[in-house]
Protein chains: 2
Amino acid sequence: MLRYLDVDPWKVVESGFHPERQRSSESIFSVGNGRFGQRANHEEHYSGDHLRGSYVGGVYYPDKTKVGWWKNGYPEYFAKVLNAPDWTSIRVQANGEELDLAQQTPRHFRRELDMLRGVLTRSFEATVGELHLSVKAQRFVSMADVETAHLRYSVDVLSGEGSVTLESILDGDVTNEDANWEERFWQTLEAGGDDVGGHLLVATRKTDFRVAHAMRSAAWFDGRSSESKSRSLSDGHAVLHEFTVEAGSRIVVDKTVALLRGMDHPADELLQRAQEKAGTAVDRGWNAALQDHMMAWERIWERADITIDGDEAAQQAIRFNIFHLNQTFTGDDPRLNIGPKGFTGEKYGGASYWDTEAYCLPFYLGTHPSGVAKQLLVYRRQHLERAIENAQKLGFEAGAALYPMVTMNGEECHNEWEITFEEIHRNGAMVYAIHNYIRYTGDEEYLAAGGWEVILGVARFWAQRVNWSEAKQAWVLLGVTGPNEYENNVNNNWYTNRLAAWCLRRACAALDWMKAHAPEELVHQNERWTFSEPDERPHWEAVMEGMYYPKLEGTRVFLQQDGFMDKEQTLVASLPQDQRPINQHWSWDRILRSVYIKQADTLQGFYFFEDEFDLETHRENFEFYEPRTVHESSLSPCVHVVLAAKLGLEEKAVEMYLRTARLDLDDYNNEAYQGLHITSMAGTWMSVVEGFGGFRVRDGVPHFTPMLPSAWKGYSFQLHFRGRQLQVVVDAEGTQVHLQSGEPLQVVIDGEAAHLT
Amino acid sequence: MLRYLDVDPWKVVESGFHPERQRSSESIFSVGNGRFGQRANHEEHYSGDHLRGSYVGGVYYPDKTKVGWWKNGYPEYFAKVLNAPDWTSIRVQANGEELDLAQQTPRHFRRELDMLRGVLTRSFEATVGELHLSVKAQRFVSMADVETAHLRYSVDVLSGEGSVTLESILDGDVTNEDANWEERFWQTLEAGGDDVGGHLLVATRKTDFRVAHAMRSAAWFDGRSSESKSRSLSDGHAVLHEFTVEAGSRIVVDKTVALLRGMDHPADELLQRAQEKAGTAVDRGWNAALQDHMMAWERIWERADITIDGDEAAQQAIRFNIFHLNQTFTGDDPRLNIGPKGFTGEKYGGASYWDTEAYCLPFYLGTHPSGVAKQLLVYRRQHLERAIENAQKLGFEAGAALYPMVTMNGEECHNEWEITFEEIHRNGAMVYAIHNYIRYTGDEEYLAAGGWEVILGVARFWAQRVNWSEAKQAWVLLGVTGPNEYENNVNNNWYTNRLAAWCLRRACAALDWMKAHAPEELVHQNERWTFSEPDERPHWEAVMEGMYYPKLEGTRVFLQQDGFMDKEQTLVASLPQDQRPINQHWSWDRILRSVYIKQADTLQGFYFFEDEFDLETHRENFEFYEPRTVHESSLSPCVHVVLAAKLGLEEKAVEMYLRTARLDLDDYNNEAYQGLHITSMAGTWMSVVEGFGGFRVRDGVPHFTPMLPSAWKGYSFQLHFRGRQLQVVVDAEGTQVHLQSGEPLQVVIDGEAAHLT
């Protein structure tokens, strides 16, 4: 843990200059709007260690994979989230010498992210040669008009002789740090500019994703507007506008950028539309654009804010998580999803993991109208055909679908055999998400609109992936990797077996619903997928009834996998601190052989299917597994908060909450420099709402069983539920649920029904 | 299977031009002498598909490894066998047009490898422009003087007008096809020449292995000798001699090459010594050098020949295998070992696998004085310290040694976790080889000379690698990969458990021998390795007594691993032919989940420890496992020949023998182009001698229980045994063992003792 940022309920503040934390700050202070995002790179040139990063949703590059030993079935490429052209650069020269904070240590450096308004501000003073400058930069990526971004950069020349030149740049000459073969991923199709505007049209190599940037730069000298000089840089990849200010004066440059994706506009109009968009935004003006943007954030906070009373660090943290989740995914485009690092870094390339279905969906269900979460389901429905192809590559037949572990466009792009081929529980998460969505929203019609098709493909996969064990006289799942990736290629991972059987049961239920409510659509879809209930359902039922589940004899504990008890049964408490995290200190071999668990595995099943087990079974399993869990995945603590809270284990719940909530703000694992843990932020929300708040939906009715951690005076959270807006307030007085808008609603609080009007 | 080569008892002959088989022929017709080796590249320029390959024993390059996902404990590099400077090139130009068999299709093309004499000859006619040429090339890599090679290249200009120019070249500008990052591995330190000689001094990058080549070229025109013109090529990497012959004449170029390794000579004399060596060889003359070389081969064949009467293809095949084994390893240098491809290709990089200990040792024990096989043990003793370092990297302590899966210098250089970290049975093979060597030679003194130290390090590894299973109340080995690499990360692989316990027992026996016969040396070595018998031996004994062995209830079958019976128990016979080999048709996932076995695994244990099991147990296990085995490793069939022969299963033994004996000659798996299966060739020898010949050494006495396959009239093999030379003749009349030299000896034939004088 390293707390170098100030604690504030609505702001993230870096006071003082921390060049050694520059990469982390670039991640933490990122701004985005679900369409594109930007790391908090300094506008001016910076020669110190940093990572330039500008990312456009849905744009990727199929980088040739690096692998030592090829296995049949591996994908040909790893989809990379691309570092896109840099629209933020403003180079500053004082009497020809470049402003570079790695060279001239700034004074009064301050960086502030206003989470309420979504605005990033940075200010500092620096001496370049004999000129003393005071600089202030402000930027926002508009939440109101998602194709625009705004940047205001001002320089006061406080003292000294001479002049300062600012260059407002649009730069297409960018690379990815994580390129496997050091290729350039972009090519510039057009770059040009005139006195008022500049433009850049770029395309990704291979995938030919097009992105058009249009920039307008306007300068005011001591409050008066001025003409700019513009020139194209010689390499043809960048355009810039140049302004000069004399000592003793003040210059403010407003940079307005439109960023349009080829996937949203006709190719032949893309650049022109970008230019028009930038022009319109300039005409409307900075203040009006900022106003629209702030109002959009206000609406978000109205539906999503969580207050925590009595613990300002916890308050800041939960807002930080909510803020970044909203910057990452807004649900207006079913081609987008939630990358583990969002728009804050290159790491993990592909945009979709099972994180989305298992950890992120509840957040978007609870804080937005249902259409937002639904986009996440539609995303997978769009990929169904490719999931079927993926399964075919591995030898499955007849419409079985295996969703990829990592993907941008539905194709698998990960290549560790023990993950790609074996961590197949992800496939069940697709069905669980549909179930979860319907349970929350009541929108059973979604089954007919795509849900059934996905469930069918996944059910067929499980039906083929099992085999009958003569020895066990049961159906088994051999050669799998569970959520606990510290075990590979195990037999009968309890979670996977349970999930597989549940998927088959859910498939039967979905089929029955379709027969009853959408018979014509069912006929149509069954034809399309060549599905015959009499041919396939009996096998599904046989498997779901006859599945094998490993158990620890004489207890209520389900065994993580066959042979788990052959391991040396030590506990995490006995691990020396200097050997943790074990993934940084132990050989892979030793990790695999150990009993230690990376993240919830058997307990993930208790999270998903809690109503299938009594409390004592919950407790025994939690008490067995949690002490063996090292929580070395950012997705681990949140599930444990929910389970611990349910079991009334306040101390454990709070310990786990602290590990998830300020993971990036306090950079617990020293990896914020790579980007933020976006998907685990949704887990933090889940920790508060489902964990401390004890929120569940049962039979269409919201239930609350809140717990108030003793360190907090109280907390409140918002829920959007089936057209209503609820506010839940928990404090020493008890729990209150307010219906803020919408139709009357029944809820259950601590087991007591209440009718809200 | 593809039989494009002629069958002949002593020769391998390619009649006719097969450019589509050029790479395969380059492998099959390779020549070498245990010190260096050369693929059968055409001397003249060849623009068709081919692989230039010249390899020098003990010289390697640590190529940076390519891996998608790094695991703690992975090695930093993969050692590559290097393609060394090319000493064979002779470029031919007719009136300025280059002779290139990819351009001018040759007539009467014939390539012949004389295995009796170790000479490669190639002849053809070709028309280049208007000149008709008859070309004959002969080469040998001397077995008598292992630092020299000889090449004679003659051109008859049969008709046409003009002249032909020959350039005799020494070329340092060479690359590896399998370079991970396309680096050049060599740098040229010196290249030069004069009218009679040329020289090249090169060094490997990073490792700085030095190799000096000295070349002498002499030409005769119609029988008269001639001065040569020499010039250095401009790029500084090559030297050449140039000769010109007029139409209607004949030219013969004798190219004599000395190849000296820096590891054998002082650095400052290396080049000079190479030049002297080449000069001496030239002075001695082609005929004398050839005579010495042929005599060396004659001595080899005297000790190693196997005759097979009544099956010329089998006769040719067994000699082909013996020939290449002798070209690969001669036992005069303990820094060398037996690469899976010998000197015939780049594939598999590193020189040592467990193939050496498990499959190759018997051949060298049986066909050479004991010093040759002993070098293979000394090789591993030299690497003991690095094996200890390797184990430390994985978290083992106190002198535990883990020998690498693949190595050149003792360091691990393979990086699939399921192999590198888990295929640890290789470690047991090190001890088995020492045991096997002592059993054969009676040289127990080797324990004091290094054997005990290796056994100790390996025993300590097993003692730490096991863990106590409370559930099983036994010692278990979790997370291993057995010889059957179609299973990864399994628990309690029977072969590995059995081998581990056997190693501990062998360690106790070795320790007892040391105490009785070399007590002072033992004290010295125990101090060196901080070994205390009272502290460690009780745990060894506990483990070897309390090891867990999976079994199939109600049978004598040992289970390959825990959970094996959960797999679908199908047999190879039910596999459609178009899905074989499964490693080319199935995803890795499907292979892993299937019951199919790549190579002997449980049965490898029956091969190693046959005397520990009764015949019925042998039979049940063979009948259980062989029908599940796809034999997709070249090392699989040979072990099955030995076991099938023991069980009297002639048909199975012959079927397996055919798969191993002509594997490369008939290119069964279409992979001879990569190089030959050198280590499996030793398995072929084992198939005849231990399989059909039923040869074993028990209590120092050779036992024979021969079987005569009905397709053969008879066969014979040679054995060098404790200073004697034996010939074993098996035919319809029965079995005869002749003592050809050495002291009288007792043997047992078909259970009957015989005294040979």
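The sequence lines fix the lettering, A, B, ..., with proteins before strands; numbering per chain opens at 1. Quick caveat, the model's predicted, so the values are computed rather than measured.
- Contacts between B:N492 and chain A at a heavy-atom distance below 4.5 Å involve the side chain alone, from C-beta outward.
- Checked against salt bridge (Lys or Arg N to Asp or Glu O under 4.0 Å), B:K598 has the following partners two or more places apart in sequence or in another chain: B:E485.
- No more than 12 heavy atoms of other residues, nucleotides or ligands lie within 6.0 Å of CD in A:E397, so this atom counts as exposed by the packing criterion.
- A:K71 and B:E418 are joined by a salt bridge, as a carboxylate oxygen and a charged side-chain nitrogen come within less than 4.0 angstrom of each other.
- For A:E553, the CD atom is loosely surrounded, since the number of other residues' heavy atoms within 6.0 Å does not exceed 12.
- The residue among B:H414, B:Q584, B:R593 with the most heavy atom pairs within less than 4.5 Å of chain A is B:R593.
- The part of B:F396 that comes within reach of chain A is its side chain, from C-beta onward, which places non-hydrogen atoms under 4.5 angstrom from that chain.
- For B:K551, the salt bridge (Lys or Arg N to Asp or Glu O under 4.0 Å) test picks out no residue, with sequence neighbours left out.
- The aromatic rings of A:W417 and B:W588 stand perpendicular to each other, their planes meeting at an angle above 60°, with 30° marking the opposite boundary.
- For B:N489, the parts sitting under 4.5 Å from any heavy atom of chain A are the backbone and the side chain alike.
- Considering only residues two or more places apart in sequence or on other chains, B:E183 meets the salt bridge (Lys or Arg N to Asp or Glu O under 4.0 Å) condition with none of them.
- Ranked by heavy-atom pairs under 4.5 Å with chain B, the list A:K472, A:E487, A:R590 is led by A:K472.
- Salt-bridge check for B:D589 with A:K393: failed, with every basic side-chain N at 4.0 Å or more from each acidic carboxylate O.
- Using a 4.5 Å heavy-atom threshold, the side chains of A:L592 and B:E422 count as touching.
- In this structure, chain A has a heavy atom under 4.5 Å from the backbone of B:H585, while its side chain stays farther away.
- At a heavy-atom separation below 4.5 angstrom, chain A is approached by B:D562, B:M565, B:D566, B:K567, B:E568 within residues 561-569 of chain B.
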